[in-house]
Amino acid sequence: MKKTNQKKVLLGMSGGVDSSVAAYVLKEQGYDVIGVTMQIWQDEKAEENTPESSCCSLSAVEDARRVASHLDIPFYVMNFKDYFRETVIDYFVREYRAGRTPNPCIACNRYVKFEELLRRALQLGCDYVATGHYAIIDQNSSTGRYLLKKSVTDRKDQTYALYQMTQEQLQRTLMPLGNYHKEEVRRIAQELNLPVATKPESQEICFVPDNQYGKFIEAYDGQITETGLFKDQDGHTVGTHKGIIHYTVGQRKGLGLAMGKPVYVTDILPAVNEVHIGNPENLMAHGLLANDLNFIPWDTLLTRHPVTIKVRYNASPVPGVANITEDGKLEVLFNEPQKAISPGQSVVLYDGDVVIGGGIIESRIR
RNA sequence: UGGGAUAUAGCCAAGUCGGUAAGGCAGCGGACUUUGACUCCGUCAUGCGCAGGUUCGAGUCCUGCUAUCCCAG
């Protein structure tokens, strides 16, 4: 029952369960679906030892191809390596070198999936780009603005990683899994006999398959990582650190300090190459400042706004207020102090299920 | 070679009147997780510097030795 004027969709297929089922759902909804896997980082021969542990590994290509074949949709592999390196890996390395903690998935979504992949989709004459993200794209009937909303499964909701999307991108994007639960998706995959039905969840940084991101950074930019001093809250030297790229604000493990009690990284000071440590209470913050902002229901925040706040991917939203400072930064104040606000991570603001927007954390307000 | 301390796992460290080796760090395994972290669970000294002795029983008491630290020379 194919219509001649049906909409064409370019679907990013990772080879995982989610994007595979997304292909099926889109097809069922009457879209003309084209599957594509983005090659983003692999050396041609490194894939042997990288099992299906990541959302974008190369072994994924063959899985995606089989799924596409199974569903009888056209399938292509596109080379995004240069673009990915510039917008994700370079950013990732630069941020760590600067003493911050980047979130590469957010950069990947922002630049690779919804900018470059979308651009190529439009070039190919597609109407939309689609992904298997758990999120809902909606339109406000009165303002006409496109909205990003949490998926029906709060546990799998991925809006946190998507807050940088623009109106133009949202208008051209489909996320067919937003109304599905993970269990339904797996069930559909099994009923369809998809070859990837039981693949595990993706995890860790896709371009650092052994999870040794410090080693990756050093191998990538070839720079020497200088060791430096650990200092406590009073400024006393308590040890030597392995180089600031190895630490994140809030980190406890791997410090190698025997203080007789658990201690945490409270601050990373690249200017003096110091890592400061302290007790859990030294991690608390009343708020934060963020830049590199994006807002979805509006162009910006015009007034002080009550919000719920996520300061990291796996964080329960907490209540607070947000407003824009005189110099254009986003200021977020929590109702209750929060711990381990990590510069470089993103803060995302919600009003109920609706993503208001967010930015990249610059500093905390104690 | 006068005095005083301390020697417990890779590292810090608790161990009360002798009663059958806390805890933390690191490590290892796992859960969680499309980032880094956090968190949670499990595991990690048949042995307490060495050698003897007392005792039903010693990391804990006694003797000797060794090592390190501190204060004086």
Side-chain angles (χ1 to χ4, degrees), chain A residues 12-19 22 38 40-41 52-57 60 88-89 91-93 95-110 112-113 131-135 151 153-164 175 177 182 185 199-209 211-217 230 238-242 244-266 268 275 277 279-280 282-285 310-316 338-348 360-361:
Chain A
M13 295 183 71
S14 67
V17 181
D18 295 334
S19 55
M38 301 182 290
I40 52 181
W41 63 271
E52 58 288 354
S53 62
S54 94
C55 63
C56 356
S57 75
V88 181
I89 301 181
Y91 154 79
F92 176 81
V93 170
E95 286 287 284
Y96 264 115
R97 288 292 184 197
R100 288 187 293 269
T101 307
N103 185 328
C105 290
I106 287 175
C108 178
N109 286 332
R110 177 180 187 178
V112 181
K113 295 194 180 108
T131 65
H133 283 110
Y134 287 87
S151 75
T153 339
D154 205 52
R155 239 189 93 259
K156 294 302 296 182
D157 172 64
Q158 290 171 313
T159 51
Y160 175 83
L162 298 167
Y163 76 96
Q164 287 282 2
M175 294 182 180
L177 296 189
K182 184 75 190 192
V185 169
K199 277 179 76 167
E201 299 293 294
S202 63
Q203 57 190 318
E204 292 156 5
I205 306 171
C206 65
F207 52 91
V208 188
N211 209 25
Q212 308 271 327
Y213 78 85
K215 272 167 41 184
F216 174 86
I217 290 171
F230 278 122
V238 294
T240 303
H241 72 242
K242 297 179 293 183
I244 59 172
I245 64 166
H246 296 285
Y247 305 94
T248 292
V249 171
Q251 179 173 339
R252 169 184 173 182
K253 295 278 185 183
L255 304 183
L257 295 171
M259 307 295 284
K261 63 187 176 185
V263 292
Y264 300 82
V265 173
T266 61
I268 297 171
V275 174
I277 60 147
N279 299 320
N282 298 317
L283 288 172
M284 303 309 283
K310 278 183 78 163
V311 293
R312 49 173 40 71
Y313 187 81
N314 289 298
S316 306
Q338 298 299 307
K339 69 176 197 176
I341 302 302
S342 309
Q345 294 284 289
S346 285
V347 57
V348 179
I360 295 182
I361 297 170

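Chain identifiers are assigned alphabetically (A, B, ...) following the order of the sequence lines, protein sequences preceding nucleic acid strands; residue numbering begins at 1 within each chain. Note that the structure is a prediction, hence the values are computed from the model and not measured.
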Chemist: Mind calculating the distance between NZ (A:K182) and P (B:rC32) to the nearest angstrom?
Modeler: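 So the two atoms are 12 Å apart, to the nearest Å.
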Chemist: Using purine N1 to pyrimidine N3 plus N6-O4 or O6-N4 for Watson-Crick, or N1-O2 and O6-N3 for G-U wobble, both under 3.5 Å, which nucleotide pairs with B:rC61?
Modeler: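 The answer is B:rG53, by the H-bond criterion.
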Chemist: A:S19 and A:S14: side-chain donor and acceptor closer than 3.5 Å?
Modeler: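 A:S19 vs A:S14: donor-acceptor pair found between side chains.
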Chemist: Just the atom pairs and distances: protein N or O near nucleotides 38-41 of chain B's N or O, under 3.5 Å.
Modeler:
residue	atom	partner	partner atom	Å
B:rC38	OP1	A:R252	N	2.7
B:rC38	OP1	A:K253	N	2.5
B:rC38	O2'	A:K339	NZ	3.1
B:rU39	OP1	A:R252	NH1	3.1
B:rU39	OP1	A:Y264	OH	2.6

Chemist: How are the rings of A:Y213 and A:H246 set to each other: parallel, tilted or perpendicular (split at 30° and 60°)?
Modeler: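 The arrangement is tilted - the two ring planes meet at 30° to 60°.
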Chemist: How would you list, by chain and number, every residue that makes a side chain to side chain contact (heavy atoms under 4.5 Å, CB included) with A:D157, sequence neighbours excluded?
Modeler: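 So A:D157 forms a side chain to side chain contact (heavy atoms under 4.5 Å, CB included) with A:K150, A:S151, A:T159, A:Y350.
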Chemist: How far does the P atom of B:rG3 sit from the matching atom of B:rA26, given to the nearest Å?
Modeler: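 Going atom to atom, P in each nucleotide, I get 44 Å.
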Chemist: Less than 4.5 Å apart, side chain to side chain, heavy atoms only: is that true for A:M175 and A:L162?
Modeler: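 Yes, their side chains come closer than 4.5 Å.
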Chemist: Please give, in whole Å, the distance from B:rG36 P to A:I268 CD1?
Modeler: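 It works out to 15 Å between those atoms.
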Chemist: On RNA chain B, compare the nucleotides closest to A:H246 and A:L162; which residue's is nearer the 5' end?
Modeler: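 Residue closer to the 5' terminus by nearest nucleotide: A:L162.
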Chemist: Counting side-chain heavy atoms from C-beta on, which of B:rA37, B:rC32, B:rG36 comes nearest to A:N314?
Modeler: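 Nucleotide nearest to A:N314's side chain: B:rA37.
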Chemist: If you measure only the distance, is there a donor-acceptor pair under 3.5 Å linking the side chains of A:Y134 and A:D18?
Modeler: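 Distance-only check passes for A:Y134 and A:D18.
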Chemist: Do A:E95 and A:T101 come close enough that some side-chain heavy atom pair is under 4.5 Å?
Modeler: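 Side-chain contact under 4.5 Å: no.
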Chemist: In whole Å, what is the span from the CG atom of A:N282 to the P atom of B:rA37?
Modeler: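 Going from A:N282 (CG) to B:rA37 (P), I get 21 Å.
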Chemist: Would you say the rings of A:Y96 and A:F216 are close, in the sense that their centroids are separated by under 6.0 Å?
Modeler: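 Not under 6.0 Å, so no.
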Chemist: B:rA67 and B:rU1: how far apart are their P atoms, nearest whole angstrom?
Modeler: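 The same atom, P, in both gives a distance of 14 Å.
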Chemist: Which way is the base of B:rC70 turned, syn or anti, if we draw the line at 90° from 0?
Modeler: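 This nucleotide is in anti.
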Chemist: Could you check how far NZ of A:K310 sits from P of B:rA37, rounded to whole Å?
Modeler: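 Answer to the nearest Å: 18 Å.
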Chemist: For A:L255, which contact category applies under a 4.0 Å heavy-atom criterion: base, sugar-phosphate, or nothing?
Modeler: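 A:L255: backbone/sugar contact only, no base atoms under 4.0 Å.
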Chemist: Is a side-chain donor or acceptor of A:R312 paired with a backbone partner of A:A340 at a separation under 3.5 angstrom?
Modeler: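 At least one qualifying donor-acceptor pair exists.
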Chemist: Base, sugar-phosphate alone, or nothing: which one does A:R155 contact when heavy atoms must sit under 4.0 Å apart?
Modeler: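 It contacts sugar-phosphate atoms only.
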Chemist: B:rA37 P sits how many Å from A:Y313 OH, rounded?
Modeler: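 After rounding, the reported distance stands at 17 Å.
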Chemist: Tell me which nucleotide, if any, is Watson-Crick or G-U wobble paired with B:rG2 when both distances must be under 3.5 Å.
Modeler: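 B:rG2 is paired, partner B:rC71.
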Chemist: Between atom CD1 in A:I277 and atom C1' in B:rC25, what is the gap in whole Å?
Modeler: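 Distance, rounded to whole Å: 11 Å.
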Chemist: Quantified in whole Å, what is the P atom distance between nucleotide B:rA51 and nucleotide B:rA58?
Modeler: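 Approximately 15 Å lies between the P atom of B:rA51 and that of B:rA58.
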Chemist: Applying a 3.5 Å limit to both distances, which nucleotide forms a Watson-Crick or G-U wobble pair with B:rU16?
Modeler: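 The answer is none; no pair meets the criterion.
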Chemist: Strictly by Watson-Crick or wobble contacts shorter than 3.5 Å, is anything paired with B:rC38, and which nucleotide is it?
Modeler: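 Pairing partner, where one exists within any strand: none, as none qualifies.
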Chemist: For B:rA21, which nucleotide is its Watson-Crick or G-U wobble mate, given both distances must be under 3.5 Å?
Modeler: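 WC or wobble partner does not exist here.
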Chemist: Does B:rU43 pair with anything, Watson-Crick or G-U wobble, both distances under 3.5 Å, and if so, with which nucleotide?
Modeler: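 Partner of B:rU43: B:rG27.
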Chemist: Give me the distance, rounded to whole Å, that separates B:rA22 from B:rU60 when you measure between the C1' atoms they each carry.
Modeler: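 Taking atom C1' in both B:rA22 and B:rU60, they lie 15 Å apart.
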Chemist: Roughly how far apart, to the nearest Å, are B:rU8 and B:rG47 at atom C1'?
Modeler: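 Each nucleotide's C1' atom is 9 Å from the other's.
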Chemist: Roughly how many Å apart are B:rU55 and B:rC17, using the C1' atom of each and rounding to a whole number?
Modeler: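 Rounded to whole Å, the distance is 16 Å.
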Chemist: What is the distance, to the nearest angstrom, from the OH atom on A:Y160 to the P atom on B:rA37?
Modeler: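 These atoms are roughly 14 Å apart.
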Chemist: Measure CD/A:Q164 against C1'/B:rU35 and give the value in whole Å, please.
Modeler: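 Atom-to-atom, A:Q164 to B:rU35, this comes out as 15 Å.
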Chemist: Expressed in whole Å, how much space separates the P atoms belonging to B:rC40 and B:rU6?
Modeler: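 Their P atoms lie roughly 36 Å apart.
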Chemist: Set out, in order, the CA-CA distance, both residues' side-chain angles and the distance that settles side-chain contact (heavy atoms from CB on, under 4.5 Å) for A:I205 and A:F92, then state yes or no.
Modeler: CA-CA 11 Å; A:I205 306 171; A:F92 176 81; 3.6 Å; yes
Chemist: Suppose you measure atom C1' in B:rG59 against the same atom in B:rA9; what distance do you get, rounded to whole Å?
Modeler: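 Roughly 14 Å separates the two C1' atoms.
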